[in-house]
Amino acid sequence: MTAELKTMKREDVLRSGPYPMLIGGKEVPSISGKTFATFDPSNGRKLADVYEAGPEDVERAVAAAHGAFHGPWRGVLPRDRSRMLLELARLLESRVEALSWLECYDAGKPIAASRAWLAGAPSTLEYYAGILLGLAGETLEVSDRTLLDFTMREPLGVCGLIVPWNFPLSIALLKMAPALAAGNCVVVKPSEVTPLSTVELGSLIAEAGFPPGVVNIVNGPGDPVGMALVRDPRVAKVSFTGGTATGKTIFREAAATVKRLTLELGGKSASLVFADANLDKAVGVAYTDMVRNSGQVCGACTRLLLEESIADAFLEALEAKLRALRIGLPGDPATEMGPLVSPTQLARVGDYLRIGGDEGARVQSYSDLRARPELAEGCYMAPTLIHDATNAMRVAREEIFGPVLTVMRFKGEDEAVRIANDSRYGLAACAFTGDASRAMRLARALSAGTVCINTGVRSSVDAPFGGFRESGVGKERGREALLDDTQVKNVRFGLN
Ligand code: NDP
């Protein structure tokens, strides 16, 4: 099957003119006519122009969403919302190959991985199309026999969805699908670094049957375009995925209008490997956490905690795999790891490697990129381990978001759990052990939104994902995301 897939060139998947916004059911330019450029991170070359929203465009988009919510969308039956989501899934499925190439160029994703990620994207829509049909309130037995009391689950109104650059289309869908399933209207703001696939998704919305204004897309920088959504009193909820620093700013600004929030923020998750574990499996997971999407994954376990007695053998096996890693151009089907998403991200990760060295850790890379002139213009970084770290170092406490793991050693379960939980983040944790009782103790003791035992952190649409502490607020995915996009109304009926 894969062998039959052909290379799609840039000109096969790119539009010729600037990429538009989607407002009130129409693809439109910005009122000012202003555009910004996106770049191919594998070579630094300009890829496309995109219309940049000004305040008047955000105003139009929010007004369109608000109008649709209080207009035609209100009367649409759950069954028909479900059908529209399924139709969008079907349309998306037919575009997966082209969209995989678009994200390959726009985000630097290796094509094989891009295809694998986006092949699962329609199922996000299908899942919420299914479970929305079970959305219901409940009848309450209150302690007053003169009352009949029941609850209704209602949509919130307009949701502002602020999407990052690491999984552009997948995360846009993870926010849109539950919001629409619950009966909300949305204004989506993709990252200005990777907006193209989301614009293409927008081109399918009308064909799927959604009335004008139910889905709107505005492009441009986080501040002011995303921030305009956060400040607009007509926006009832903001769902944001991104860095914790930006998440805190959004939290503060959203307070002014007491908005609902889902914040899916940073992580510094720990993977605990005990001497009795299946080491091959644990090495494979550590390797994948490092190289998948060039390490730009919030749920990756980037603190590798190894039990002292197996640490050397474990690292030897991991280093062998890293030396064999195929780093290359994203369009090559053999490439396992491509570039980072942007020069900004490359510089940020590079800074952390210097910080690690200054803090006294041993920073070691496992690929010599100087010997690869074809990659010289791109945002490439060799996979790197930060050895001999302590949990007090910045490289163990802050999110790096590149192909980098910080390695520490421990003696015994108590020390491992103490180090793992000593973090301002609490997104995920992994533990590898052959002892079933210890596995259950760890499931209890590890303080994170997702705990994985003898497997890596792989989120799926049907299980909730969201962090403890500074990793966020609320959940994405699963039934929880649908419920988080509703509000409960209590109705009390006097019987006499
Ligand atoms: P940000 O958190 O700043 O950006 C994420 C999204 O928020 C983008 O759409 C961005 O828009 C938007 N945004 C930025 N500032 C604001 C604002 N003031 N108001 C509203 N929206 C805003 O991430 P960065 O790209 O700066 O990356 C910084 C770090 O964040 C990374 O190194 C990584 O550690 C972390 N990160 C975590 C992600 C996750 O999956 N949890 C995803 C991405 C980053 P635009 O890009 O157009 O400016």
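Note that ligands are numbered from 1 as they come in the structure, with each ligand's atoms numbered from 1 the same way. We count residues from 1, following the sequence as given.
More than 12 heavy atoms of other residues, nucleotides or ligands sit less than 6.0 Å from atom CD of Glu56. By the 6.0 Å contact criterion, CZ on Phe468 is enclosed, its count of non-hydrogen atoms from other residues, nucleotides or ligands being greater than 12. The local environment of CZ in Arg479 is sparse, with at most 12 non-hydrogen atoms from other residues, nucleotides or ligands closer than 6.0 Å.
In terms of protein heavy-atom proximity, atom 42 (C) of ligand 1 is closest to Pro164 CB, 3.4 Å. Among all protein heavy atoms, the one lying closest to atom 39 (C) of ligand 1 is Cys298 CB, 3.6 Å. With respect to atom 11 (O) of ligand 1, the closest heavy atom belonging to the protein is Lys189 NZ, 3.1 Å. Here the heavy atom of the protein found nearest to atom 47 (O) of ligand 1 is Glu192 N, 2.7 Å. Regarding atom 38 (C) of ligand 1, its nearest protein heavy-atom neighbour is Phe401 CZ, 3.5 Å. Among all protein heavy atoms, the one lying closest to atom 1 (P) of ligand 1 is Thr246 OG1, 3.6 Å. When only non-hydrogen protein atoms are considered, atom 25 (O) of ligand 1 lies nearest to Trp165 NE1, 2.6 Å. Protein heavy atom nearest atom 35 (C) of ligand 1, with residue, atom name and distance: Glu399 OE1, 3.3 Å.
The contact set between ligand 1 and Gly220, taken as ligand atoms under 4.0 Å from a residue heavy atom, comprises 47 (O). Using a 4.0 Å cut-off to heavy atoms of Glu264, the atoms of ligand 1 that qualify are 41 (N). Listed by number with element, the atoms of ligand 1 under 4.0 angstrom from any heavy atom of Ile250 are 20 (C).
Here the rule is side-chain hydrogen bond (donor to acceptor under 3.5 Å, both in side chains) with Thr262, and of Lys475, Lys237, Lys175, Glu476 only Lys237 fits it. Each of Arg10, Arg45, Lys46 was scored for a salt bridge (charged side-chain N to carboxylate O under 4.0 Å, His left out) with Asp40, with one residue passing: Arg10.
Taking the ring axis of Phe167 as reference, the NZ or CZ atom of Lys109 stays within 45° of it and closer than 6.0 Å to the ring centre. Note that Lys268 lies outside the cation-pi zone of Tyr425, set by a 6.0 Å cut-off to the ring centre and a 45° limit from the axis.
Ring-plane geometry between His387 and Tyr366 is classed as perpendicular, the angle between the planes exceeding 60 degrees on a 0 to 90 degree scale with a lower cut at 30.
Sorted by first and then second residue, the side-chain hydrogen bond (donor to acceptor under 3.5 Å, both in side chains) pairs with a member in residues 17-27 read Arg15-Glu27; sequence neighbours excluded.
Considering both main-chain and side-chain atoms, Asp223 never comes within under 3.5 Å of ligand 1 through any nitrogen or oxygen pair. An N or O contact shorter than 3.5 Å is missing between Val193 and ligand 1 by distance. Taking distance alone, with nitrogen or oxygen atoms compared against 3.5 Å, Gly243 approaches ligand 1 more closely than that limit. Considering backbone and side-chain N/O atoms, Leu265 comes within less than 3.5 Å of an N/O atom of ligand 1. Remark: ligand 1 and Thr241 share no N or O pair separated by less than 3.5 Å (distance only, no angle test). Backbone and side-chain nitrogen or oxygen atoms of Gly222 are examined, and one is located within less than 3.5 angstrom of a nitrogen or oxygen of ligand 1.
In this structure, Thr249 falls outside the shell of residues with a heavy atom less than 4.0 angstrom from ligand 1. Heavy atoms of Phe240 approach ligand 1 to within less than 4.0 angstrom. Every heavy atom of Ser342 sits 4.0 Å or more from the atoms of ligand 1. Residue contacts with ligand 1 include Gln345, since one of its heavy atoms falls under 4.0 Å from the ligand.
Heavy atoms of Arg348 found under 4.0 angstrom from ligand 1 belong exclusively to the side chain. Of all the heavy atoms of Val163, the ones lying under 4.0 Å from any atom of ligand 1 belong exclusively to the backbone. Contacts between Ser191 and ligand 1 below 4.0 angstrom, taking non-hydrogen atoms only, involve backbone and side chain alike.
Here Glu253 pairs with Arg231 in a salt bridge; the nearest charged N to carboxylate O distance falls below 4.0 Å. A salt bridge is defined here as a Lys NZ or Arg NE, NH1 or NH2 lying under 4.0 Å from an Asp or Glu carboxylate O, and Arg60 with Asp57 meets this definition. Using a cut-off of 4.0 Å between Lys/Arg side-chain N and Asp/Glu carboxylate O, Glu470 and Lys248 are scored as salt-bridged.
Using modelled atom types, one side-chain atom of Asn216 and one backbone atom of Gly213 make a donor-acceptor pair closer than 3.5 Å.
Between Trp165 and Phe39, the distance from one ring center to the other does not fall under 6.0 angstrom.
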